[in-house]
Participant: 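Dropping the structure in here first, questions after.
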Amino acid sequence: MTEIIVPILTPFNEKGEIDGEKVKTHVQNLLRKGVDIIFVNGTTGVGPALSKDEKRKMLDYVLDVTNKVIFQVGSLNMKEVLELVNYANERDIIAVASYPPYYFSIPKDFVVKYFKEICEASKHPVYLYNYPGATGKDVDVNLAKEIGCIKGVKDTNPDFAHTIRYKELGIKTYNGLENLAIASLSILDGTVVGAGNYMPELFSQLREYIKAGDMRKALDLQLKINEIDGTTIPYGKISSMYYLVKELQGYDVGVPRPPMYPLEEDKVKELIEKVRKIWNKSE
Ligand SMILES: O=C(O)C(=O)C[C@H](O)[C@H](O)CO
């Protein structure tokens, strides 16, 4: 069966500290709603904005509930990357993952060396988190071949043909965009969806429609997902998720941490009204 992976958001309290109990409540609900794997410290989890200790804490809170975990270890500090890999080595997880070194303009062979170092240190399979739009680097199938030790990939990429090509390596392949979930759940090993934090049941239902061959219903549901996901953009996708989890899943996951700013009350009300209108429409 194809997999639904959620890059879990990071619940913060008003002081900007991670609230471990809220992490666990959230993970339990996601698993109940059909999510298969939790991607820790991804984009939605503001991985690049977490300290090394916070990244480790998030892993341990999630592991208190499940070991169906992919642990993102990427950082611009190689010492930190390797400390996180070693931390994961002592724990039972599916894989570690990393985005390529971002921000700096570096030659491709530095990217190869970066991933080879991670593979060398890791007891777990190493997955590539390819997100050219955010990192400025495209670790495509040819570069992944050159790295030689990539065992899975999450490609956050609107170019689905680009994602499919990783299957030439015979590795676990996922696309990380909500609006390609129908394709990812039909052709790839699964989908990675930030919006799965607040509407996991829609992605489970999408997978059921695909499995039943009911592609008309699957397409209508994909369009509904697109509309809801698109509604969050002007408010800040990641910040919006904290309020939508509370509204649609019924429990508190804390607040976002700047620079993912909390929303003003009137914006929260506006967002929820817009999403509720779409949510309540039948497909
Ligand atoms: O949040 C992540 O780590 C994801 O993989 C989901 C998407 O790729 C990311 O949020 C960009 O929308």
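We're numbering straight along the sequence, starting at 1. The shown structure was predicted, so the numbers you read here are calculated from the model rather than taken from an experiment. Whatever order the structure lists them in is the order used to number ligands and atoms, beginning at 1.
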Participant: Which protein residues come within less than 4.0 angstrom of ligand 1, counting heavy atoms only?
Facilitator: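 The 4.0 Å shell around ligand 1 contains Pro7, Gly42, Thr43, Thr44, Tyr129, Tyr131, Lys154, Thr156, Gly176, Val192, Gly194.
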Participant: For a salt bridge (charged side-chain N to carboxylate O under 4.0 Å, His left out) check, start with the C-alpha distance between Glu265 and Lys269, then their side-chain angles and the critical distance, and finish with the verdict.
Facilitator: CA-CA 6 Å; Glu265 251 178 67; Lys269 192 166 171 297; over 6 Å; no
Participant: Is a donor from one side chain sitting under 3.5 angstrom from an acceptor on the other, for Tyr114 and Ser98?
Facilitator: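 Yes - a donor-acceptor pair under 3.5 Å links their side chains.
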Participant: Distance only, no hydrogens: is a donor on one side chain within 3.5 Å (strictly under) of an acceptor on the other, for Gln72 and Tyr129?
Facilitator: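 Result is no, nothing qualifies.
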Participant: Say whether, by atom type as modelled, one donor and one acceptor occur between the side chain of Asn175 and the main chain of Asn157 under 3.5 angstrom.
Facilitator: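 Flag set: sc Asn175 to bb Asn157 pair under 3.5 Å.
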Participant: Under 3.5 Å, is there a donor-acceptor pair between the Asn13 and Asp19 side chains?
Facilitator: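 The criterion, which ignores hydrogens and geometry beyond distance, is not satisfied for Asp19 and Asn13.
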Participant: Would you find a donor on one side and an acceptor on the other, under 3.5 Å apart, between the side chain of Arg257 and the backbone of Val46?
Facilitator: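 Flag not set: sc Arg257 to bb Val46 has no pair under 3.5 Å.
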